[in-house]
Protein chains: 2
Amino acid sequence: MNEKQPLTMKDIAAQLGVSVATVSRALKNSPNISKQRRELIQQYAREHDYYPNVIAEQLRHSRQKPSQIIGVILPQIVHYYFASILSGIEEKAKERGYRIMVAQSDEQYEREREICESFMKNKVCGIIVSQAKDTEQYDHFKKLVNNGIPLVFYDRICPALNASRVVVDDYQGTYKAVSYMIETGCKRVAFYGSNMNMEISKNRLNGYKDALYHHGLQPSDELIKQCDNRSDAEKLTPAMLHMKNRPDGFFAINDETAIGIMYTAKRLGFRVPEDVAVCGFTDSERAVSCDPMLTTVKQDGREVGSQATDVLIDTVEGKLPMDRAEKRMVRTRLVVRGTTR
Amino acid sequence: MNEKQPLTMKDIAAQLGVSVATVSRALKNSPNISKQRRELIQQYAREHDYYPNVIAEQLRHSRQKPSQIIGVILPQIVHYYFASILSGIEEKAKERGYRIMVAQSDEQYEREREICESFMKNKVCGIIVSQAKDTEQYDHFKKLVNNGIPLVFYDRICPALNASRVVVDDYQGTYKAVSYMIETGCKRVAFYGSNMNMEISKNRLNGYKDALYHHGLQPSDELIKQCDNRSDAEKLTPAMLHMKNRPDGFFAINDETAIGIMYTAKRLGFRVPEDVAVCGFTDSERAVSCDPMLTTVKQDGREVGSQATDVLIDTVEGKLPMDRAEKRMVRTRLVVRGTTR
DNA sequence: TATCTTAATGCAAACGTTTGCGCGTCATTT
DNA sequence: AAATGACGCGCAAACGTTTGCATTAAGATA
């Protein structure tokens with residue numbers, strides 16, 4: 001009973017006493033099928049819930065045109081920014097008639113490799129990916145490109161590869177945020193970043209430093225820390241606030257960290273934002289859930305996902321050349337709330 | 001140059017001067033191929049990065065066994081609970097050798113229908129789905145079942161269909177939470193729920209009512225409201241708190257709403273939890289980002305996703321019968337934090 | 001040496017489509 | 001009345017696999 005086989009063109013052809021070729025052409029609205037036959041066949045298909053077998057179509061076309069399935073690799077799904085990006089990818093893909101297969105790398109190189117391989121076997125037409133933190137080898141990516149599968153990076157790009165990428169303007173976003181903090185009275189702003197071999201960390205750090213320079217301040221190593229999550233922030237921040245020359249502002253690489261800083265400061269008796277200002281990055285749901293609400297640099301994940309998908313599909317469809325990397329940048333926007341003056 | 005075609009068995013066969021059949025058998029470790037040939041072929045394949053064409057395999061097997069691709073439908077991805085579930089699905093699917101295609105319905109029936117159709121065409125082996133709020137027709141689901149494609153619901157199930165489902169114990173979770181509020185001193189607990197034709201709303205409401213009964217309290221209509229997001233909560237709550245006989249506790253159907261209630265109360269000068277206690281449902285990132293941190297009923301999305309995937313794959317592989325609906329319930333746990341006494 | 005096993009391989013059909021080519025039928029043109 | 005052309009349709013190959021069956025060659029037995 002499980003064995004109900006789906007209706008095929010062959011079935012229709014047999015029922016209607018015509019050839020499979022005729023059925024195919026009729027359903028594709030080919031002009032060289034007589035009007036009556038065409039309509040007869042289409043009606044039959046409609047009434048009997050005929051669905052074309054994409055697998056067969058794809059096999060038939062495999063030499064000439066790629067599939068319409070995009071592979072998406074995320075370091076992790078449960079993460080506001082990544083979920084937003086995925087949502088943007090899904091919407092745009094659907095809009096342009098593509099489907100997505102998704103997999104998470106869990107920040108592990110090995111998984112990333114396996115996923116790439118599996119996507120190759122499944123004949124995706126291209127891959128949208130943010131590198132795992134772990135990844136320091138790129139053969140798996142190169143192999144894809146060698147096999148003619150286009151690649152678009154988002155968020156965590158692969159600087160060693162000249163591939164297409166869509167990122168937010170980390171430098172500008174940070175620059176504007178830190179400038180704002182200084183202009184509203186901060187004299188010593190600290191920077192909490194991630195692993196400094198990630199492009200995204202570097203760019204934000206540069207934005208931070210330049211903002212200081214342009215306001216006549218000098219970056220100081222004791223104010224630049226590697227710290228990108230809440231529990232680390234709660235451990236690290238008390239020491240920072242007890243320095244002789246304590247910071248009066250913190251810029252954090254994400255909202256989670258910023259919230260950790262903020263609550264730690266409050267717990268220690270500092271007023272936010274009067275004594276200590278805090279700014280995050282992302283504008284996740286958290287940013288409006290804390291008290292006071294978080295000032296943060298909004299990065300529009302949906303837009304990043306949407307653009308990455310456009311770039312990929314344009315490449316797949318030949319509207320963009322495979323051999324030239326398309327690099328796009330999505331604007332960030334400073335959202336001022338309660339944790340800055 | 002884009003035209004680099006992937007290596008096929010035919011290519012290998014030609015290179016090595018054997019037939020395609022031999023290559024196939026050698027790569028599948030068939031015993032009736034001589035050891036030397038087998039190793040020769042496998043080595044060649046390895047060295048030249050041969051990847052089997054899943055599309056072709058699938059077509060070949062289409063009559064006998066289903067594909068290894070699971071279709072997943074989410075009302076929306078950017079939603080902590082749904083993202084957790086998706087993550088759980090992805091992990092379990094990968095573990096069992098399946099891939100997932102994902103699509104969001106945006107809470108619209110029409111989209112849901114289109115997605116089902118597209119999944120059928122793409123020959124997914126089964127579908128994991130949470131209904132759109134919108135959906136009140138079930139033909140698209142029935143059509144799937146009729147075509148032998150198993151269906152597993154999560155979160156928002158379809159009561160009209162006797163299909164497999166994995167949900168959390170909404171009733172028990174709510175019952176325990178409200179009981180806890182009463183036992184720690186609340187005399188009048190309000191309930192903010194969703195659209196009452198959703199199973200999940202009904203079950204939670206029942207849990208709420210029974211908790212009242214068992215503690216000698218009577219539910220009162222003026223304390224039961226339809227309100228499931230923050231902005232509605234901020235509009236509705238002031239009136240509630242200015243009633244002559246105001247509630248001293250609020251149970252909300254999700255964390256977002258609970259946070260809206262909590263901040264509104266604080267803004268109006270009530271102390272939380274002393275004057276007003278609040279409890280949410282989900283235990284999202286928000287719950288630990290607010291101040292005080294939110295007491296809430298934790299629903300483990302990863303586990304729900306994982307179990308739903310197990311049920312689906314077991315059905316696909318024939319370990320569970322198609323005709324009997326498997327119904328599973330995942331335990332919730334009350335997480336007590338700062339918004340209750 | 002002739003016959004029988006057994007092992008190793010190839011042939012070809014099938015999965016469900018698409019599509020170039022050719023064939024027959026009919027109406028139009030000379 | 002013969003030639004031309006258009007139209008509508010079917011044949012068959014192809015996409016990359018898998019697999020039942022036939023085939024071959026070698027070794028074992030009589």
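By convention in this document, chain letters (A, B, ...) are assigned in the order of the sequence lines, proteins followed by strands, and residues within each chain are numbered from 1. Predicted model, so just to flag it, every value in this text is computed and none were measured.
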For [X], all residues meeting side-chain contact (heavy atoms from CB on, under 4.5 Å), sequence neighbours excluded:
X      : answer
B:E110 : B:R113, B:E114
B:N146 : none
B:T22  : B:V18, B:S19, B:I33, B:R37, B:I41
B:N29  : B:R38, B:Q42

Between [N] and [X], is there an OP1 or OP2 to side-chain N/O distance shorter than 4.0 Å?
X     : N      : value
B:S19 : C:dG10 : yes
B:R37 : C:dT9  : yes
B:K10 : D:dA14 : no

What integer distance in Å separates [X]:[atom1] from [N]:[atom2]?
X      : N      : atom1 : atom2 : value
A:D11  : C:dG16 : CG    : P     : 8 Å
A:N122 : D:dT17 : CG    : P     : 13 Å
B:M9   : D:dT17 : CE    : C1'   : 6 Å
A:I12  : C:dT17 : CD1   : C1'   : 12 Å
B:L7   : D:dT17 : CG    : C1'   : 14 Å
A:Q36  : D:dC7  : CD    : P     : 15 Å
A:Q58  : D:dT17 : CD    : C1'   : 15 Å
A:L16  : D:dC9  : CG    : P     : 12 Å

Can you check nucleotides 23-26 of chain D for protein contacts, nitrogen or oxygen pairs under 3.5 Å, and list what you find?
none

Checklist entry - Is there a donor in the side chain of B:Q104 and an acceptor in the side chain of A:S87, or the other way round, less than 3.5 Å apart? => result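 A pair is found: one side chain offers a donor N or O, the other an acceptor, under 3.5 Å apart.
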Checklist entry - Do B:R99 and A:S118 have side-chain N/O donor and acceptor atoms under 3.5 Å apart? => result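 Yes, a side-chain donor-acceptor pair sits under 3.5 Å.
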Checklist entry - Does anything in residues 141-165 of chain A pair up under salt bridge (Lys or Arg N to Asp or Glu O under 4.0 Å), and if so which pairs, sequence neighbours excluded? => result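 Counting only pairs at least two positions apart or across chains, the salt bridge (Lys or Arg N to Asp or Glu O under 4.0 Å) contacts touching residues 141-165 of chain A are A:E107-A:R156, A:K143-B:D49.
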Checklist entry - Along nucleotides 19-28 of chain C, 5' to 3', which nucleotides get a B, which get an S, and which get a -, given that the test is a protein heavy-atom distance under 4.0 Å? => result BB--------
Item to check | Close approaches to DNA chain D from residues 40-54 of chain A, in residue order (heavy atom, under 4.0 Å) | outcome: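 Residues of residues 40-54 of chain A under 4.0 Å from DNA chain D: none.
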Checklist entry - When all nucleic acid strands are considered with a 4.0 Å heavy-atom cut-off, which category describes B:L59: base, sugar-phosphate, or nothing? => result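 Base contact.
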Go through the structure and list residues passing salt bridge (charged side-chain N to carboxylate O under 4.0 Å, His left out) with [X], not counting sequence neighbours.
X      : result
B:D134 : none
B:E112 : none
B:K319 : B:E317
A:R46  : none

Item to check | Nucleotide nearest B:S34 (side chain, heavy atoms from C-beta), chosen from C:dT17, C:dT9, D:dC15 | outcome: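 Of all the options, the side chain of B:S34 is nearest to C:dT9.
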Checklist entry - Of all the nucleotides listed (D:dT17, C:dT17, D:dG10), which has the minimum atom distance to the side chain of A:V18? => result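 Nearest nucleotide to the side chain: D:dG10.
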Checklist entry - So, are A:D106 and A:K133 salt-bridged, with charged N and O less than 4.0 Å apart? => result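 Judged by the 4.0 Å cut-off on N to carboxylate O distance, A:D106 and A:K133 do not form a salt bridge.
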Item to check | Toward the 5' end of DNA chain C, by each residue's nearest nucleotide, B:S62 or B:R38 | outcome: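 Going by which nucleotide is closer to the 5' end, it is B:R38.
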